[in-house]
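Just below is one structure, and these are the notes that go with it.
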Amino acid sequence: MKFLLNTWYMAAWADELDDGALLGRTIAGKKLVLFRDGTGKLQALDDRCPHRFAPLSTGRLVGDSVQCPYHGLQFNGDGKCTHNPHSETIPKAACVRSYIAEERHSVLWVWLGDQALAKESEIPDLGFFVAAPQHAKGKGYLPTAANYELLSDNIMDLSHVDYLHPTTLGGGALSRTKAEVEEIPGNKVRISWNAPNDVAPPAFAHYLEQPENSDVWAEVVWNPPGLMFLNSGAAPAGRPREEGPFTRNLHIMTPQDGQFTHYFFANTRLFEQDNAELNAFIQPMLLNVFANEDKPMVEAQQVQMGEGELLNMNPVLLTVDAGAIRCRRVLKRLIEEEQAAGA
């Protein structure tokens with residue numbers, strides 16, 4: 001399977017990697033080892049010693065270098081062998097490929113493609129999550145046995161919430177309205193649902209005096225290859241959105257390979273931001289939605305599909321698929337353009 005390489009991939013939440021530790025993670029088919037050097041700078045290398053191909057991620061950090069657990073060769077953040085315990089001579093071929101890696105907004109990012117094209121300014125801005133009050137946010141990570149585009153489809157088609165999550169995020173409003181889809185600058189796709197004077201989802205209804213008379217809305221902006229900003233809420237009919245419960249969410253699908261995905265998610269809210277008890281209730285509820293409803297469903301899809309590619313299997317397409325299909329077409333075009341350029 002071909003992946004987009006000239007892009008920033010989320011490799012992990014920053015707190016997954018302790019100082020002085022190593023983290024092995026496969027992204028777009030590439031096995032990587034992540035670590036911070038003595039200055040705290042994030043580093044990423046191929047997770048394979050060039051000697052006997054042992055995984056470096058099972059070794060240990062010695063100063064600024066990763067020590068192979070098998071024969072003790074050490075490699076710094078540039079991939080250069082800095083120590084050969086068996087000889088004063090270091091073989092010229094004793095090096096490991098290094099990748100550009102950056103730590104920003106509590107996230108570890110890696111660039112797998114042409115290093116000359118990597119721009120730090122293009123790292124997705126997740127500042128809203130870092131800036132949110134402590135008791136108004138949460139995050140998580142779900143390794144999922146499904147292709148990353150299937151998981152992206154799941155977020156780009158929120159009409160499913162009325163059936164898969166009826167007691168929390170559903171309510172019928174999104175199924176009763178037609179979504180608007182558009183491509184926006186940066187090869188992004190935006191999909192919006194606006195259901196005026198409808199029934200608020202259960203998760204929002206508690207905060208509205210008349211939940212049966214609410215303006216319900218949701219918007220997702222997809223960034224290739226699989227990062228989505230999701231804003232949603234409900235407000236008293238005819239009133240500004242800010243007068244009702246309003247949430248900002250993040251869903252990032254980083255492919256491990258064609259059959260597995262690193263699913264990262266985060267959520268913030270713009271109401272009752274200092275309510276620690278509410279936060280303690282919301283976070284397990286959302287984790288249950290993602291882990292016990294979305295994840296099993298998408299994994300079951302993958303089992304049914306096997307190694308097939310969705311559009312090659314001639315699925316019956318509905319109007320609710322418009323956003324997901326647009327994203328797939330944009331991503332396919334970007335990968336083909338990259339391949340044609342010799343990436």
Side-chain angles (χ1 to χ4, degrees), residues 1-14 16-17 22-37 41-50 53-58 66 75-80 95-126 141-144 146-152 186-188 222-228 250-264 309 327-328 330-343:
M1 183 174 184
K2 297 177 181 178
F3 298 97
L4 194 65
L5 298 180
N6 290 324
T7 189
W8 290 102
Y9 277 109
M10 180 174 176
W13 292 110
E16 290 185 71
L17 177 61
L22 305 174
L23 177 64
R25 186 140 289 173
T26 301
I27 298 175
K30 298 183 182 295
K31 297 181 185 296
L32 308 178
V33 56
L34 306 173
F35 63 97
R36 297 186 183 91
D37 62 22
K41 174 72 172 66
L42 181 66
Q43 306 288 356
L45 302 174
D46 270 337
D47 190 15
R48 189 173 78 168
C49 180
F53 311 135
L56 294 173
S57 59
T58 61
V66 178
F75 304 89
N76 65 14
D78 293 327
K80 179 181 178 181
C95 56
V96 180
R97 181 179 177 181
S98 64
Y99 299 87
I100 295 176
E102 295 291 337
E103 183 169 348
R104 187 169 301 176
H105 298 140
S106 300
V107 169
L108 307 184
W109 300 95
V110 295
W111 180 277
L112 303 179
D114 185 343
Q115 297 194 0
L117 299 179
K119 298 178 182 179
E120 292 185 28
S121 61
E122 294 180 355
I123 295 176
D125 185 355
L126 309 186
Y141 165 52
L142 285 174
T144 304
N147 182 275
Y148 73 115
E149 288 188 89
L150 281 181
L151 284 161
S152 295
N187 296 307
K188 303 176 183 179
W222 173 87
N223 298 252
L227 182 152
M228 286 146 285
L250 177 69
H251 297 268
I252 300 181
M253 314 306 180
T254 298
Q256 173 176 306
D257 51 36
Q259 301 285 314
F260 293 87
T261 300
H262 304 290
Y263 180 4
F264 304 98
E309 197 281 327
C327 294
R328 283 176 172 267
V330 170
L331 181 56
K332 182 175 185 290
R333 171 175 56 80
L334 293 175
I335 292 175
E336 289 175 347
E337 290 175 352
E338 188 176 272
Q339 293 289 317

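Index from 1, following the sequence. We use all heavy atoms of the structure for the numbers below, so side chains are in, but hydrogens, waters and symmetry mates are not.
- Scanning all heavy atoms of the two residues, the minimum distance from Gly258 to Phe3 falls at N-CZ, 3.9 Å.
- One N or O on the side chain of Thr261 and one on the backbone of Ala146 form a donor-acceptor pair closer than 3.5 Å.
- Contact check for Val330 versus Trp222: side-chain heavy atoms found under the 4.5 Å cut-off.
- Atom-to-atom distance recorded for Asn223:CG and Lys188:NZ is 4.5 Å, nearest 0.5 angstrom.
- Looking at Ser98, its side chain never comes within 3.5 Å of a backbone N or O of Gly79 through a donor-acceptor pair.
- Considering CG of Leu56 and CG of Asp46, their distance stands at 9.0 Å, rounded to 0.5 Å.
- Distance check, rounded to the nearest 0.5 Å: NZ of Lys30 to CZ of Arg48 gives 11.0 Å.
- Considering every non-hydrogen atom in both Tyr263 and Leu151, the closest pair reads CD2-CD2, 4.1 Å.
- For the 3.5 Å distance criterion, the side chains of Tyr148 and His262 fail to qualify, holding no donor opposite an acceptor.
- At a threshold of 4.5 Å between non-hydrogen side-chain atoms, the residues Leu42 and Leu17 count as touching.
- A heavy-atom distance below 4.5 Å is not found between the side chains of Trp13 and Leu108.
- Side chain of Ser57 to main chain of Pro55: no donor-acceptor pair is present (N/O by atom type, distance under 3.5 Å, no hydrogens or angles).
- Around the NZ atom of Lys80, the shell of radius 6.0 Å holds no more than 12 heavy atoms that belong to other residues, nucleotides or ligands.
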Practice problem: For Arg328 and Glu309, run salt bridge (Lys or Arg N to Asp or Glu O under 4.0 Å): C-alpha distance rounded to whole Å, both residues' side-chain angles, the deciding distance at 0.1 Å, then the answer. | Solution: CA-CA 11 Å; Arg328 283 176 172 267; Glu309 197 281 327; 3.1 Å; yes

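- In this structure, Leu334 and Asn6 have side chains that are not in contact, with every pair of non-hydrogen atoms separated by 4.5 Å or more.
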Quiz item: Where do Thr58 and Val33 land on the side chain to side chain contact (heavy atoms under 4.5 Å, CB included) test, with the steps shown first?
Solution: CA-CA 9 Å; Thr58 61; Val33 56; over 6 Å; no

Quiz item: Given Lys31 and Gln256, is the side chain to side chain contact (heavy atoms under 4.5 Å, CB included) satisfied, shown in steps?
Solution: CA-CA 9 Å; Lys31 297 181 185 296; Gln256 173 176 306; over 6 Å; no

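- Ring-plane geometry between Phe264 and Tyr141 is classed as parallel, the angle between the planes falling under 30 degrees on a 0 to 90 degree scale with a further cut at 60.
- At a threshold of 4.5 Å between non-hydrogen side-chain atoms, the residues Met253 and Met228 count as touching.
- Using a 4.5 Å heavy-atom threshold, the side chains of Ile100 and Val110 count as separate.
- Annotation: side chain of Glu338 is in contact with side chain of Leu4 (closest heavy-atom distance under 4.5 Å).
- Proximity of a side-chain donor or acceptor of Trp8 to a complementary backbone N or O of Lys119 within less than 3.5 Å is detected.
- For the side chain to side chain contact (heavy atoms under 4.5 Å, CB included) criterion with Leu5, the lone passing option out of Asp114, Leu117, Leu112, Ile335 is Leu112.
- Distance check, rounded to the nearest 0.5 Å: CZ of Phe75 to CZ of Arg97 gives 16.0 Å.
- For the atom pair Glu16 CD and Leu34 CG, the distance stands at 9.5 Å (nearest 0.5 Å).
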Practice problem: Kindly determine whether Met1 and Asp257 satisfy side chain to side chain contact (heavy atoms under 4.5 Å, CB included), including the steps that lead there. | Solution: CA-CA 8 Å; Met1 183 174 184; Asp257 51 36; over 6 Å; no

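- The nearest pair of heavy atoms linking Pro50 to Cys95 is CG-O, 3.6 Å.
- Residues Leu32 and Arg25 have side chains not in contact (no heavy-atom distance under 4.5 Å, counting atoms from C-beta outward).
- Taking OG1 of Thr7 as the start and CD1 of Ile123 as the end, the distance is 10.5 Å to the nearest 0.5 Å.
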